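Structure first, then comments.
Values in this document were obtained by computation on a predicted structure and should not be read as measured data.
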Amino acid sequence: MNTLPPVPGPLSTPLPDPRGRDIVPDYSGMHALVSDLVLPRGASMYVMSAMETSRELIRHSYYRYEFATVAVTHSLFALEHVLAERLGSNDPLHALIQRATNAGLITAGLAAELDRSRQLRDRLTQGAVSSAAIGQAQAVAMVRAVFDAVALLLRPPSAAEATATPVGGAQPAGGLARLWKDHLRALFPDGFRGVDFDGVDLVLLDADVAGLVHRELNGGLDDRGIASLWRCIADLDKIVPLINEEYCASYFTKLRTMAQVAASPHTPTAI
């Protein structure tokens, strides 16, 4: 039973917030304002959702000025998530930014911009400022810094970074075990169950690769398994260019990378 009261009349058209009238002449101008906030390739669905929401909050701050500040704080969800994954740490955001700077993953100038956003979030949490703390132009600059940082952090590690041994003698992050761990956390793309490309069923391909990689990590593949894995790689090479949805393409590109790493010690064999 619907207990909501009836709408008294037709919904009114939202009015521009007068506090942002000096930024753009009309709502269409907001599109140009955020046009260079482009989602980076290779991000997880969670990160892309947070970043896209931040961009759209700025766009809609034309109607509600406070959305600009909220956009900045929301973008930090994506930043913190990517930093934690890249660095393998659950440190507070300010410490993650510092560690990424020390490791040469982001520049000192970019780190300073990111820390401005972090401080804004902290002041909001403490009640020291309101949600109208900044305007659209500042929000665009601060969210752009997050977009730039995430794009840098999602780049494959350099050769020096990949082979460097961390302090304490621990093995560097990466390799098949790390790719497998990341794969287990990733969500299968929504809407692509039961879908096939060029005769390749995506769910079955995903399951086949996962099973073969798991076997490689737990004792190694026999000749039949090696042949099956190389066939999966051939299927991935065929279907990835055909996928036109961003997250799904990213998911299967990462699956292909994991399969290639698992297969790299083995010469393709025939059954």
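The existence of a salt bridge linking Arg256 and Asp237 is confirmed by a sub-4.0 Å separation between a basic side-chain nitrogen and an acidic carboxylate oxygen. Under a 4.0 Å N-O distance rule, the pair Asp122/Arg118 qualifies as a salt bridge. Comment: Asp235 does not engage Arg231 in a salt bridge, judged by the lack of any side-chain N to carboxylate O separation of less than 4.0 angstrom. A salt bridge does not link Arg224 to Asp222: none of the charged side-chain nitrogens sits closer than 4.0 Å to a carboxylate oxygen. Using a cut-off of 4.0 Å between Lys/Arg side-chain N and Asp/Glu carboxylate O, Glu80 and Arg121 are scored as salt-bridged.
No chain of hydrophobic side-chain contacts below 4.5 Å, direct or via other Ile, Leu, Val, Met, Phe, Trp or Tyr residues, connects Val38 to Met45.
The aromatic rings of Tyr247 and Tyr251 sit tilted, their planes meeting at an angle between 30° and 60°.
Put simply, CZ on Phe252 and CG on Leu236 are 7.5 Å apart, with the number rounded to the nearest 0.5 Å. Between atom OG1 of residue Thr101 and atom CD1 of residue Ile97 there is a gap of 7.5 Å, rounded to the nearest 0.5 Å.
More than 12 heavy-atom neighbours from other residues, nucleotides or ligands sit within 6.0 angstrom of CG on Asn218.
The hydrophobic cluster around Phe67 extends to Leu57, Val70, counting ILVMFWY residues whose side-chain heavy atoms fall within less than 4.5 Å of a member.
Under 3.5 Å, the side chains of Gln119 and His94 contain no donor-acceptor pair of N or O atoms.
Counting only heavy atoms from C-beta outward, the side chains of Leu202 and Asp196 never approach each other to under 4.5 Å. Residues Ser54 and Val72 are not in side-chain contact: their nearest non-hydrogen atoms beyond the backbone lie 4.5 Å or more apart. Glu66 is not listed as a side-chain neighbour of Thr69, based on a closest heavy-atom distance of 4.5 Å or more. Between Ser75 and Met142 the shortest side-chain heavy-atom distance does not fall below 4.5 Å.
A donor-acceptor distance shorter than 3.5 angstrom exists from the side chain of Lys254 to the backbone of Gly42, with no hydrogens or angles considered. Without hydrogens or angle criteria, Asp201 side chain to Leu204 main chain gives a donor-acceptor distance under 3.5 Å. At least one donor-acceptor pair under 3.5 Å links the side chain of Thr53 to the backbone N or O of Ser49. Remark: the backbone N or O of Leu153 is paired with a side-chain donor or acceptor of Arg86 at under 3.5 angstrom.
For Arg41, there are no side-chain hydrogen bond (donor to acceptor under 3.5 Å, both in side chains) partners two or more places apart in sequence or in a different chain.
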